[in-house]
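Only one structure is covered here, and it is reproduced in the block below.
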2 protein chains.
Amino acid sequence: MELRHLRYFVAVAEEGHVTRAAERLGIQQPPLSQQIRAMEDELDVQLFRRKPRGVELTDAGRALLADARRILGDVDQALSRTRRTGRGEEGRIAVGFTSSAPFHPFVPRVLRNFREDFPQVAMTLDEGGTADLVAAIRSEQIDAAFIRSPVPEGENIATYDILEEPMCVALPKSHRLARGAKTKPVALGDLAGDSFILYRRASGPGLYDGIVGACHDSGFNPRIEQEAPRIVATLNLVASGLGVTLVPESLQAMRLEGIRYLPLATRRKLVAPLRLACRSVDHSAAARRFVAAARKAARTGG
Amino acid sequence: MELRHLRYFVAVAEEGHVTRAAERLGIQQPPLSQQIRAMEDELDVQLFRRKPRGVELTDAGRALLADARRILGDVDQALSRTRRTGRGEEGRIAVGFTSSAPFHPFVPRVLRNFREDFPQVAMTLDEGGTADLVAAIRSEQIDAAFIRSPVPEGENIATYDILEEPMCVALPKSHRLARGAKTKPVALGDLAGDSFILYRRASGPGLYDGIVGACHDSGFNPRIEQEAPRIVATLNLVASGLGVTLVPESLQAMRLEGIRYLPLATRRKLVAPLRLACRSVDHSAAARRFVAAARKAARTGG
DNA sequence: TATATTTCATATGTTTTAGATATGTCATGG
DNA sequence: CCATGACATATCTAAAACATATGAAATATA
C-alpha cells in the first residue's frame, strides 16, 4: 500500500466516478481502475460497488475514506513541518551567555527579534562561564553562546565578533575617587594601590587578561585580592568595599547600592568584546539562522 | 512522496546505518541511498548527516521521524479497520422490527448474541410497520428487519423464514369464555359473534389475512370492529372490552390488566410466522453477518 | 606510513510496475 | 433496438525501483 493508492482512492470516492477521478488525477481511466482493484485485492475487501452510472462506496470503503483523508493530511503537514525545520523556521535552539552578556541591550534585543521573526522556533537560554559554554556547544547541549573571551582556538568552534564596548571602573561608594558626586574619568594608574576583584580567570580568561594587561601598560601590577565566580558577584564584593574592578560599561545597568561607576581614562583603549560562538559544522538550520540574525544585527548596529 | 519513502527513512533513522537498514528492508544499499536522497531532494532538506561511521539524523530528520512513525502506524490501523469492516467484524447495522417481534424471545436473544460476538459493530434498532420497514430496507436506512408479513414479492428484498409460533386468543377479562380461571382452548367458531380488533392491514397484511382466512375456514366472516396501528394498541383495545383478537402466543408476555390469553383449538393450525427481511444485494458485510447469525440461530432452534 | 576496512555515493544494467492505448462488456435511456 | 456512458480487460510503453559493480573518503590496523 502506497500513498498513491490512498490518493487515488480518495479521488474516486469523492467523484463517485472512475473516469472523472482519472481526469482530476491527470491519468487515464484504466490504470486508475487497476490501482483501485489492486487495493481491493491487497485488503481483500470490496471498496466500491460498481454501478452502471459510476461507483459507490461500500461500508468498508466509507470506513477507509475518513482514515485516508486524515492520513494524507497528516503527511502533508509532516512534510511541511520538515521543510520548515530544515529552513530553520521551526524547531528548537538553545542559546548560552556569560553572566555579563545580557546586560548589554544588544543581547536581549536580538533574542526578542529572533523570537518575533521565528515564533515556531522554541528558544531555551543558559547561563555559564565561557569554558562551560564552549563545552556545551561542542557537546551539542547548546547551539550558540554569547561570550566575552576568545575561544581556545579550535576544533569545531567558530566565533564571530559582535561588538566591543568600553570598560569602566566600578568603585565602592566610599572610595576616594568616588566620593561626593565625582564623575571625572579615572586613570588606570590611579588604581595602582587598590585591591582588585576580578572575574575568575578559569571561567573566562578574556576580561581578566585584558585588565591585567592594561594595568601593566599603565606601569603597575594589579594586586588581585579576590576572584569571583560571576561578574555579578564581583560587583557585590566591590559594593561591600573589598576593592575595585573594571567591567564592561553596559554593566552600569546593574545599579547596586554602594557602588559607583566611573569612565576610564587610558591611553590605549581598554574594551570588552562580545562574541558569538557556535559549532562550525553540524548546526541545525534554526541555529544557523540565529547566528546569521545576530551577526546581521551586529553589522547593522542593530 | 510515498509510504515506501517513509518506511525506508524510518529504517535508516532507527539503524543509523544505511547498509544495515537495507538488510532489514530486504533490499540492497544503493537503491536505499537513492531513495533517501530522493526524499531529501523533494523536501529540499537534509535529513541525515553522513558520518564516516554511519548516518545521523539532522534536526529536520528528527522532526520527520516522529511524524513518519505515527503515520505508518495510522496506515496500518486504517487498513486493518477497513479489512475488519469488510469482514463485518466492525461497522454499523440498523435492524428494524414490527411491534410484535421483540416479544418473542428469539429476537432479543439473537440481538444480544450478535452484540457479544461482534462488539465492534454498532447496532441501532427501529420499530415500524412492515411496509415502512421494507421501504427503509430498500432505501438503506436499515439493513434488516424482523417482520411477520410476506413481502410484496420483490425487487431487491430477500426474506428468510425464522420461525412460526401458534396464535392464541386475547379476550377481555369480562368475556364469557374468559371468566373465572378458565384455560380451556377456544375454538375459533366460538368467536363467530364477537367483534374483532385487528392490526391494521395496510401496515402488515400477514396476520390480518391469516386471521380472516382462518375464520372463513371455521365458517364465519369475522366482524371487524376496529383496526389498530400497532399490535400493542390492539391489545389495549381488547383490554378495554371493545372486542377480541388473535395474536402470536409470544405476545402473552405482555401482561395487560383486563386481558386474558387462551390457546386456540383449530383443525388447521393458525400460526404466525417470524421472518427476516434484508436487501438481496448491496448489503454491508456486517449486515450479511447479522442475517447469517439470525438464520443460523433459527436453524439450530437457538 | 601504508594498507585494509568500513560505509556511503555513483554509474550502469535489469526488472518491475505504473501508466497509455485500444477494445470489450454491460446496463441504461431515448 | 441501437446509441451512449461507464467500468473492465488486454497489450504495450515508459518510468522508476532495484541489483550489480565500482569509486571515494575516512578510519582503524599493521
Side-chain angles (χ1 to χ4, degrees), chain A residues 1-58 60-61 65 68 72 75 155-156 279-282, chain B residues 1-58 60-61 65 68 72 138 155-156 279-282:
Chain A
M1 180 68 46
E2 293 292 343
L3 288 178
R4 172 170 27 85
H5 293 112
L6 296 183
R7 296 193 186 99
Y8 288 4
F9 168 74
V10 169
V12 173
E14 285 178 356
E15 298 286 343
H17 200 280
V18 178
T19 309
R20 268 202 300 277
E23 273 172 40
R24 185 171 120 187
L25 293 167
I27 63 173
Q28 297 304 112
Q29 169 262 317
L32 182 53
S33 286
Q34 282 176 9
Q35 294 293 311
I36 296 293
R37 163 59 76 99
M39 287 181 79
E40 294 182 325
D41 286 351
E42 180 181 343
L43 292 173
D44 202 29
V45 155
Q46 199 181 350
L47 298 172
F48 295 100
R49 266 191 296 278
R50 277 65 171 177
K51 299 254 169 171
R53 217 73 189 154
V55 297
E56 190 179 82
L57 282 171
T58 61
L65 179 58
L72 291 174
V75 169
E155 335 86 29
N156 212 5
R279 282 183 295 285
S280 49
V281 294
D282 287 5
Chain B
M1 181 66 49
E2 292 292 344
L3 288 177
R4 171 170 30 83
H5 293 111
L6 296 183
R7 295 192 187 100
Y8 287 5
F9 167 76
V10 169
V12 174
E14 285 178 354
E15 298 286 343
H17 201 281
V18 179
T19 308
R20 268 203 300 277
E23 272 172 39
R24 185 172 120 185
L25 293 167
I27 64 173
Q28 296 305 111
Q29 169 262 318
L32 181 54
S33 286
Q34 283 176 8
Q35 295 292 311
I36 297 292
R37 162 61 76 97
M39 284 181 80
E40 294 182 325
D41 286 352
E42 180 181 342
L43 292 174
D44 203 29
V45 155
Q46 200 182 348
L47 297 172
F48 295 100
R49 266 189 297 279
R50 276 68 171 177
K51 299 254 169 172
R53 218 71 191 155
V55 297
E56 188 178 85
L57 281 172
T58 62
L65 179 58
L72 291 174
R138 198 169 275 128
E155 334 87 29
N156 211 6
R279 283 183 295 284
S280 48
V281 295
D282 288 4

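Below, chains carry the letters A, B, ... as their sequence lines are ordered, and counting in each starts from 1. What you are looking at is a predicted structure, and each value in this text was computed from that prediction instead of being measured.
Rounded to an integer number of Å, the gap from A:E56 CD to C:dA27 C1' is 15 Å. If you measure from atom CG of A:D41 to atom P of C:dA18, you get 12 Å, rounded to the nearest angstrom. For the pair A:K51 NZ and C:dG29 P, the interatomic distance rounds to 13 Å; values are reported in whole Å. The interatomic distance linking A:I36 (CD1) with D:dT9 (P) rounds to 14 Å, in whole Å. Distance B:R7 CZ to D:dC18 P: 11 Å, rounded to the nearest Å. One interatomic measurement links the two molecules: CD of A:E42 to P of C:dT17, which rounds to 12 Å at whole-angstrom precision. One atom, CZ of A:R49, and another, C1' of C:dA27, lie 17 Å apart when rounded to the nearest Å. Computed from coordinates, the A:E40 CD to D:dC7 P distance equals 13 Å when rounded to whole Å.
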Provide a list of protein-nucleic acid N or O atom pairs under 3.5 angstrom, restricted to nucleotides 19-22 of chain C.
from, atom 1, to, atom 2, distance (Å)
C:dG19, OP1, A:Y8, OH, 2.8
C:dG19, OP2, A:Y8, OH, 3.0
C:dA20, OP2, A:Q28, N, 2.7

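With hydrogens and angles disregarded, no donor-acceptor distance shorter than 3.5 Å links the side chain of A:R53 to the backbone of A:K51. Proximity of a side-chain donor or acceptor of A:Q29 to a complementary backbone N or O of A:V18 within less than 3.5 Å is not detected. Of the possible polar contacts, none joining the A:E40 side chain to the A:Q46 backbone as a donor-acceptor pair under 3.5 Å is found. Under a 3.5 Å cut-off, the side chain of A:E42 and the backbone N or O of A:M1 do form a donor-acceptor pair. Looking only at distances, no side-chain donor or acceptor of A:Q35 sits under 3.5 Å from a matching main-chain atom of A:H5.
Along DNA chain D, the nucleotide nearest to A:R37 and the one nearest to A:R53 differ in position, and the one closer to the 5' end is contacted by A:R53.
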Apply side-chain contact (heavy atoms from CB on, under 4.5 Å) to the pair A:F48 and A:L57, showing each step before the final yes or no.
-> CA-CA 4 Å; A:F48 295 100; A:L57 282 171; 3.5 Å; yes
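For the pair B:R50 and C:dA9, the criterion of a side-chain N or O lying under 4.0 Å from OP1 or OP2 is met. In terms of phosphate contacts, A:S33 brings no side-chain nitrogen or oxygen within less than 4.0 Å of OP1 or OP2 of D:dC7.
Between A:E2 and B:R7, the closest heavy-atom pair is OE2-NH1, 3.6 Å. Here the closest non-hydrogen pair linking A:L32 and A:A22 is CD2-N, 3.4 Å.
A salt bridge does not link B:E14 with B:R20: every distance from a Lys NZ or Arg NE/NH1/NH2 to an Asp or Glu carboxylate oxygen is 4.0 Å or more.
Listed by residue number, B:H17, B:V18, B:T19 are the residues of residues 15-25 of chain B with a heavy-atom contact under 4.0 Å to DNA chain C.
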